[in-house]
Amino acid sequence: MITTDHIKVIAVCGAGTMGAGIAQVAAMSGFRTILFDVQPAILDKARQQIMQQLDTAVAKGKLAAAEKDAVFQRIQFTEDVNSCKADVVIEAIVEKLAVKTALFNQLATINSEETILASNTSSLSVTAIAAATTHPERVAGMHFFNPAPVMKLVEIVSGEQTLPVVAQQLYQLAVRMGKTAVMAKDTPGFIVNRVARHYYLEAMEIAEDGVADYRTIDRLLESAGFRMGPFALMDLIGNDVNLAVTRSLYDAYGGAPRFAPNRLQIEKVEQGQLGKKSGKGFYNYL
Ligand code: NAI
């Protein structure tokens with residue numbers, strides 16, 4: 001019988017699009033939560049965003065007003081990596097292997113041998129991330145979807161050395177957070193991001209071919225049943241993050257043309273049009 005009763009404290013590294021949402025989910029699920037980022041402005045933004053989201057949850061009757069302050073007070077915001085001592089650490093920093101491995105190496109030093117170190121990576125090798133730590137058997141992927149407080153799915157990814165019990169505990173933890181978890185093998189893009197590459201890449205090719213504009217493509221696919229059209233979704237994800245994921249799959253699959261980054265997304269990133277988070281992407285948000 002797998003239990004997660006010993007899990008009381010969750011540290012989330014990176015307070016950007018995903019980290020802020022994951023921290024909110026953790027705190028709403030009753031865990032003492034530590035949210036760490038190197039950028040004070042991002043931490044401030046995360047603080048405001050979480051407060052706003054909790055207010056909305058109260059307004060919608062999904063959270064008791066009396067609970068709101070308690071949830072918020074469970075979250076400690078910090079710029080100090082040494083504060084990331086927890087039973088489970090969930091990393092959600094930039095999608096670059098070297099940056100992630102450097103952080104995991106630090107996290108392994110700070111934490112006990114019992115701590116589970118999880119990565120929210122969309123596309124990088126969990127085995128490679130784990131290799132940077134002293135206990136690779138306690139490292140796994142825990143891949144949430146955007147927006148983390150809303151999206152139910154979580155992919156639990158076992159690296160080559162991940163102990164089955166570690167993956168199972170993360171699976172149960174996801175369930176405790178109200179999520180639907182699936183187990184996935186450590187392969188580039190796992191399940192959803194591998195399939196979704198084609199949703200984005202083909203849509204950009206359609207726009208490039210002049211078949212229809214972004215808005216028309218989005219409207220059509222939304223009316224066909226997709227929750228969000230590809231361009232609106234790329235803007236929500238962040239064009240920088242989405243391009244990094246595309247490049248990572250492209251490299252991992254030996255330059256397979258089906259994963260080749262598209263000129264449009266490269267240009268968006270070069271122009272700083274990262275999507276919602278920067279105020280402009282395929283659409284304007286200002
Ligand atoms: P983001 O760019 O919004 O936020 C990343 C944050 O990490 C930034 O605030 C940055 O200051 C911080 N950071 C960078 N290096 C750091 C370090 N060494 N220590 C602490 N903080 C550091 O990125 P986003 O979108 O939240 O993505 C984070 C991770 O989650 C990536 O691995 C991405 O692939 C994955 N992911 C992203 C999704 C999305 O829709 N954006 C969905 C699911 C997973």
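Just so you know, ligand 1 is whichever comes first in the structure, and atom 1 is the first atom listed for that ligand.
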| request: Could you check atom 8 (C) of ligand 1 against the protein and tell me its nearest heavy-atom contact, residue, atom and distance included? | output: Asp37 OD2, 3.5 Å
| remark: Hits for side-chain hydrogen bond (donor to acceptor under 3.5 Å, both in side chains) against Asp69, two or more places apart or cross-chain, chain-then-number order -> none
| Is it the side chain (CB and beyond), the backbone, both or neither of Phe144 that lies under 4.0 Å from ligand 1, heavy atoms counted? | backbone
| More than 12 foreign heavy atoms under 6.0 Å from CZ of Arg258: is that the case here? | yes
| field | For ligand 1, the portion of Asn120 having any non-hydrogen atom under 4.0 Å away | value | both
| How far apart are the C-alpha atoms of Thr246 and Arg197, what are their side-chain angles, what is the distance that settles it, and do they pass the side-chain hydrogen bond (donor to acceptor under 3.5 Å, both in side chains) test? | CA-CA 7 Å; Thr246 305; Arg197 265 334 78 199; 2.8 Å; yes
| message | Among all the protein's non-hydrogen atoms, which is closest to atom 34 (O) of ligand 1, and how far away is it? | response | Ser122 OG, 2.8 Å
| query | Do any N or O atoms from the side chain of Asn239 and from the backbone of Gln273 form a donor-acceptor pair under 3.5 angstrom? | reply | yes
| remark: If we number the atoms of ligand 1 from 1 as shown, the ones under 4.0 Å from a heavy atom of Thr121 are 32 (O)
| task | Examine Thr17 against ligand 1 and note whether any of their N/O atoms are separated by less than 3.5 Å. | result | yes
| Who's the nearest protein heavy-atom neighbour of atom 5 (C) of ligand 1, and how far? | Ala92 O, 3.9 Å
| request: Provide, to 0.1 Å, the distance between atom 4 (O) of ligand 1 and the closest protein heavy atom, together with that atom's residue and name. | output: Gly16 CA, 3.4 Å
| request: Closest by any non-hydrogen atom to atom 21 (N) of ligand 1: pick that one out of Asn239, Ile93, Leu274, Ile22. | output: Ile93
| query | Can you say whether the rings of Tyr214 and Phe282 are parallel (under 30°), tilted (30 to 60°) or perpendicular (over 60°)? | reply | perpendicular
| said: With side-chain hydrogen bond (donor to acceptor under 3.5 Å, both in side chains) as the criterion, how do Tyr253 and Arg194 come out once you've worked through the C-alpha distance, each side chain's angles and the decisive distance to 0.1 Å? | reply: CA-CA 11 Å; Tyr253 286 103; Arg194 188 164 155 191; 3.0 Å; yes
| In the protein, which heavy atom is nearest to atom 20 (C) of ligand 1, and how far is it? | Phe36 CE2, 3.2 Å
| note | Under 4.0 Å from one or more heavy atoms of Gln39, ligand 1 contributes atoms 10 (C), 11 (O)
| field | Polar side chain donor-acceptor pair, Gln161 to Thr127, under 3.5 angstrom | value | no
| request: Check each of Met151, Lys277, Glu95, Met18 against atom 2 (O) of ligand 1 and report the one with the nearest heavy atom. | output: Lys277
| For atom 23 (O) of ligand 1, which of Leu124, Val241, Val245 has the closest heavy atom? | Val241
| query | Among all protein non-hydrogen atoms, which one is nearest to atom 40 (O) of ligand 1, and what is the separation to 0.1 Å? | reply | Asn146 ND2, 3.0 Å
| task | Using atom types as modelled and distance alone, determine if a side-chain donor or acceptor of Lys179 lies under 3.5 Å from a backbone N or O of Met151. | result | yes
| Pairing residues for Glu205 by the salt bridge (Lys or Arg N to Asp or Glu O under 4.0 Å) criterion, not counting sequence neighbours | none
| task | List the closest protein heavy-atom neighbour of atom 41 (N) of ligand 1: residue, atom name, distance to the nearest 0.1 Å. | result | Ile237 O, 2.8 Å
| said: As a quick check of understanding, evaluate side-chain contact (heavy atoms from CB on, under 4.5 Å) for Val71 and Gln24, giving each step before the final call. | reply: CA-CA 8 Å; Val71 170; Gln24 181 191 326; 5.9 Å; no
| said: Only heavy atoms of His143, strictly under 4.0 Å: list the atoms of ligand 1 that pass. | reply: 43 (C), 44 (C)
| query | Which ligand 1 atoms, with their elements, are less than 4.0 angstrom from a heavy-atom of Lys100? | reply | 31 (C), 32 (O)
| field | Ion pair check, Asp44 and Arg47, cut-off under 4.0 Å | value | yes
